[in-house]
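Have a look at the structure below before the remarks.
Within every chain, numbering begins at 1; the chains are lettered A, B, ... in the order of the sequence lines, protein sequences first and strands thereafter. Keep in mind that what you see is a predicted model, and the values were worked out from it rather than measured.
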Amino acid sequence: MTPEEIIQRLVAELGDDVVESETSYDVATVTVAPARYADAARFAKTTRGLDFTFFDFLTGVDEGEQGYGVVTHLYSPIHKHHIQLRTVVPNDAATLPTMTGVFRGANWHERETWEMFGIVFDGHPNLVKLLLPDEFEGHPLRKEFLLMSREVKPWPGAKEPGE
Amino acid sequence: MGLSDKVEVPPPIRFVLNWGRKYSLWVFNFGLACCAIEFIATSMAEHDFIRMGVIPFAHGPRQADLMVVSGTLTDKMAPAVKRLYEQMPEPKYVISFGSCANCGGPYWDSYSVAKGVDQIIPVDVYVPGCPPRPEALLQGIIKLQTKIQNESLKQRYSAEPLTVEAG
């Protein structure tokens with residue numbers, strides 16, 4: 001199935017809850033409303049013809065003013081096609097329905113995204129820290145997170161990271 | 001060690017005792033990242049630190065004289081390093097191997113990496129590099145052996161902090 005056809009199938013199912021869609025490098029990226037995020041994954045997994053049964057990863061992206069993006073990459077071993085399911089949650093209400101009911105493997109990915117970005121996954125069976133020490137405070141992959149070493153000593157390189 | 005922690009032993013005896021200690025360093029490799037591979041390379045036939053009396057067969061920290069911390073020490077791992085160091089019997093030595101163990105290395109501004117293993121345990125020799133070549137570890141071992149050779153047993157076996165300079 002081509003990326004365009006995949007997008008059409010999702011739009012037909014979710015309607016206006018598909019906020020945005022694009023294709024790059026032969027991979028469809030479909031942005032859905034936060035409330036329908038797990039539904040979109042369930043539809044992509046269980047619909048004949050799509051068959052996205054392989055859960056690759058789920059992670060977060062700090063998109064500044066726009067909120068926190070959450071990206072899930074799914075793959076179909078049958079049809080050998082990919083999809084990136086994306087959603088954006090607002091900064092002040094970073095909450096998403098959990099995907100563990102669809103893919104059990106999403107458990108650790110959601111725990112990591114929670115501790116790194118502070119995105120709460122409603123209904124997650126065990127939302128506790130995965131990688132960080134228990135006493136760690138803050139969400140280190142948020143751009144607002146201050147690195148103490150940087151506060152004490154400015155970046156010694158010629159260019160800022162990302163410049 | 002009986003009297004040796006109360007009085008200075010005569011220099012010839014000190015020489016012999018230190019000579020014996022410096023050539024039987026049972027080493028415990030605290031491998032945390034890619035530097036551990038360089039440590040293993042140093043123990044293999046090409047560089048072969050066993051010829052210098054460094055024995056990489058310690059079953060654990062309780063049987064080791066020397067700990068080589070090779071790799072990136074994270075804040076989460078730090079308590080384990082401290083605990084295993086405390087399990088080692090005196091006299092014990094630490095080589096900090098590689099930039100990460102020395103000061104945090106390329107991860108100096110990370111949220112998760114400790115700013116050097118010397119923040120939690122005393123270090124005798126620092127080996128710089130990212131990762132250092134096996135020859136650098138051999139050089140570090142020679143430095144440590146020089147240090148052991150010049151040590152005062154009285155200081156080493158008493159509770160006083162060690163203040164011997166490498167000669």
Q: Kindly give the cluster partners of A/F54, where membership spreads through any ILVMFWY side chain lying under 4.5 Å from a current member.
A: A/Y75
Q: State yes or no: do A/Y68 and A/L132 share one hydrophobic cluster built from I, L, V, M, F, W and Y residues joined by side-chain heavy-atom distances below 4.5 Å, directly or via other members?
A: yes
Q: Please state whether the side chain, the backbone, both or neither of A/L131 comes within less than 4.5 Å of a heavy atom of chain B.
A: backbone
Q: Look at the side-chain heavy atoms of Ile, Leu, Val, Met, Phe, Trp and Tyr, link any pair under 4.5 Å apart, and say whether B/V27 and B/M88 land in one connected group.
A: no
Q) Going hydrophobic residue to hydrophobic residue with side-chain gaps under 4.5 angstrom, can you get from B/V54 over to B/F39? A) yes
Q) Is the number of heavy atoms from other residues, nucleotides or ligands within 6.0 Å of CG (A/D16) greater than 12? A) no
Q: Consider only side-chain heavy atoms of I, L, V, M, F, W and Y, link residues closer than 4.5 Å, and tell whether B/M52 and B/V94 are in one cluster.
A: no
Across chain B and chain A, going purely by atom type as modelled, what donor-acceptor pairs are there at a distance under 3.5 Å?
residue: A/L131; atom: O; partner: B/K76; partner atom: NZ; Å: 2.9
residue: A/S149; atom: OG; partner: B/W108; partner atom: O; Å: 3.0
residue: A/R150; atom: NE; partner: B/D109; partner atom: OD2; Å: 2.6
residue: A/R150; atom: NH2; partner: B/D109; partner atom: OD2; Å: 2.6

